[in-house]
Enquirer: 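So that we are looking at the same thing, I have put the structure below in C-alpha cells.
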Amino acid sequence: MEQKSKDPLHGKRLDAILEELVDYYHGFEELGKQINIKCFTDDPSINSSLKFLRKTDWARAKVESLYLYVLRQKKKEARNKEDRS
C-alpha cells in the first residue's frame with residue numbers, strides 16, 4: 001500500500017505553484033508586492049520567473065513558503081464559507 005505524503009509541495013511542479021500564485025494575487029504586480037524580487041517586478045513572465053527560480057534557491061524557498069501560506073488561507077476561506085452556509 002502506497003503512503004501519501006503529507007507535504008503539500010510533494011509532487012507539485014514549480015510552474016503550477018507559480019501559476020497558482022499569479023492567479024491568487026491577480027497578476028505579477030501583487031505577487032511582486034508579496035515577494036519583492038526582480039523576476040516578479042520588472043517585465044515579469046512565467047517563463048522568465050521559472051528560469052530564475054530554478055537557479056536561485058533562496059527565491060524558490062520564498063515562493064514555496066508563500067504558496068504554503070496561500071494554501072492555508074484558501075482552507076480558512078473555505079471553512080468560513082461553510083460556516084456561513
Side-chain angles (χ1 to χ4, degrees):
M1 190 173 199
E2 227 177 276
Q3 280 229 320
K4 192 172 181 181
S5 175
K6 292 185 185 220
D7 179 4
L9 294 174
H10 181 78
K12 196 74 169 176
R13 292 172 41 126
L14 184 58
D15 60 338
I17 291 171
L18 185 56
E19 288 171 4
E20 196 168 330
L21 288 174
V22 169
D23 184 53
Y24 184 81
Y25 287 106
H26 307 289
F28 277 104
E29 186 175 335
E30 287 301 314
L31 180 56
K33 290 177 184 176
Q34 299 298 314
I35 304 176
N36 187 15
I37 52 179
K38 202 171 183 178
C39 71
F40 295 158
T41 60
D42 294 351
D43 195 28
S45 73
I46 295 288
N47 286 337
S48 65
S49 297
L50 285 172
K51 191 180 279 189
F52 176 75
L53 293 171
R54 287 183 177 128
K55 292 188 293 186
T56 315
D57 290 339
W58 64 265
R60 184 178 182 144
K62 285 185 175 221
V63 167
E64 289 173 345
S65 177
L66 181 61
Y67 177 71
L68 294 174
Y69 169 79
V70 166
L71 288 180
R72 289 191 303 271
Q73 290 302 107
K74 285 181 173 183
K75 279 185 182 175
K76 191 185 294 184
E77 290 167 8
R79 267 197 311 269
N80 288 341
K81 207 177 213 181
E82 283 178 12
D83 290 346
R84 282 186 252 140
S85 296

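By convention here, the first residue in the shown sequence is residue 1.
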Enquirer: Lys62: what forms a salt bridge (charged side-chain N to carboxylate O under 4.0 Å, His left out) with it, not counting sequence neighbours?
Expert: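 In terms of salt bridge (charged side-chain N to carboxylate O under 4.0 Å, His left out), with neighbours along the sequence ignored, Lys62 is linked to no residue.
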Enquirer: Salt bridge (charged side-chain N to carboxylate O under 4.0 Å, His left out) with Lys33: which residues, sequence neighbours excluded?
Expert: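 If we apply the salt bridge (charged side-chain N to carboxylate O under 4.0 Å, His left out) test to Lys33, skipping adjacent residues, the hits are Glu30.
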Enquirer: Please enumerate all residues that pass side-chain hydrogen bond (donor to acceptor under 3.5 Å, both in side chains) together with Thr56, with sequence neighbours excluded.
Expert: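 For Thr56 there are no side-chain hydrogen bond (donor to acceptor under 3.5 Å, both in side chains) partners, ignoring immediate neighbours.
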Enquirer: Does anything in residues 34-43 form a salt bridge (Lys or Arg N to Asp or Glu O under 4.0 Å)? List the pairs, not counting sequence neighbours.
Expert: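 Every pair satisfying salt bridge (Lys or Arg N to Asp or Glu O under 4.0 Å) with a residue in residues 34-43: there are none.
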Enquirer: Got a second to check how far Leu31's CG is from Ser49's OG, nearest 0.5 Å?
Expert: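 Answer for the CG-OG pair, Leu31 versus Ser49, is 8.0 Å.
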Enquirer: What donor-acceptor contacts under 3.5 angstrom involve side-chain atoms of residues 6-18, with partners at least two apart or in another chain?
Expert:
{"residue": "Asp7", "atom": "OD1", "partner": "Leu9", "partner atom": "N", "Å": "2.9"}
{"residue": "Lys12", "atom": "NZ", "partner": "Tyr67", "partner atom": "OH", "Å": "3.4"}
{"residue": "Arg13", "atom": "NE", "partner": "Asp15", "partner atom": "OD1", "Å": "3.0"}
{"residue": "Arg13", "atom": "NH2", "partner": "Asp15", "partner atom": "OD2", "Å": "3.0"}

Enquirer: So which pairs with a foot in residues 45-57 pass salt bridge (Lys or Arg N to Asp or Glu O under 4.0 Å), sequence neighbours left out?
Expert: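 Qualifying pairs, neighbours excluded: none.
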Enquirer: Do you know the tightest heavy-atom contact between Val63 and Leu53?
Expert: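 What the structure gives for the nearest pair is CG2-CD2, 3.7 Å.
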Enquirer: Of all residues at least two apart in sequence or in a different chain, which pass the side-chain hydrogen bond (donor to acceptor under 3.5 Å, both in side chains) check with Ser65?
Expert: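 So Ser65 forms no side-chain hydrogen bond (donor to acceptor under 3.5 Å, both in side chains) with any residue.
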Enquirer: Going by the rule side chain to side chain contact (heavy atoms under 4.5 Å, CB included), which residues pair with Gln34 if we only count those two or more places apart in sequence or in a different chain?
Expert: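 Gln34 satisfies side chain to side chain contact (heavy atoms under 4.5 Å, CB included) with Tyr25, Leu66 only.
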Enquirer: Compare every heavy atom of Ala59 with every heavy atom of Phe52, then report the nearest pair and how far apart it is.
Expert: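 That closest heavy-atom pairing would be CE2-CB, 3.6 Å.
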Enquirer: Under the salt bridge (charged side-chain N to carboxylate O under 4.0 Å, His left out) rule, collect the residues that match up with Glu29, sequence neighbours excluded.
Expert: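 Applying salt bridge (charged side-chain N to carboxylate O under 4.0 Å, His left out) to Glu29 gives none.
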Enquirer: Of the non-hydrogen atoms in Cys39 and Pro44, which two are nearest, and what is the gap between them?
Expert: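 Looking at all heavy atoms of both residues, the shortest contact is O-CB, 3.3 Å.
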Enquirer: Could you tell me which non-hydrogen atom of Phe40 sits nearest to which non-hydrogen atom of Gly32, and how far apart they are?
Expert: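 Where Phe40 meets Gly32 most closely, the heavy atoms are CB-CA, 3.8 Å.
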Enquirer: Please list, chain by chain and in numerical order, all residues satisfying side chain to side chain contact (heavy atoms under 4.5 Å, CB included) with Glu19, sequence neighbours excluded.
Expert: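 Result, side chain to side chain contact (heavy atoms under 4.5 Å, CB included) vs Glu19: Ile46.
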Enquirer: Could you pull out all donor-acceptor pairs under 3.5 Å where a side-chain atom in residues 70-78 meets a protein atom, sequence neighbours excluded?
Expert:
{"residue": "Lys74", "atom": "NZ", "partner": "Glu20", "partner atom": "OE2", "Å": "2.8"}
{"residue": "Glu77", "atom": "OE2", "partner": "Tyr24", "partner atom": "OH", "Å": "3.3"}

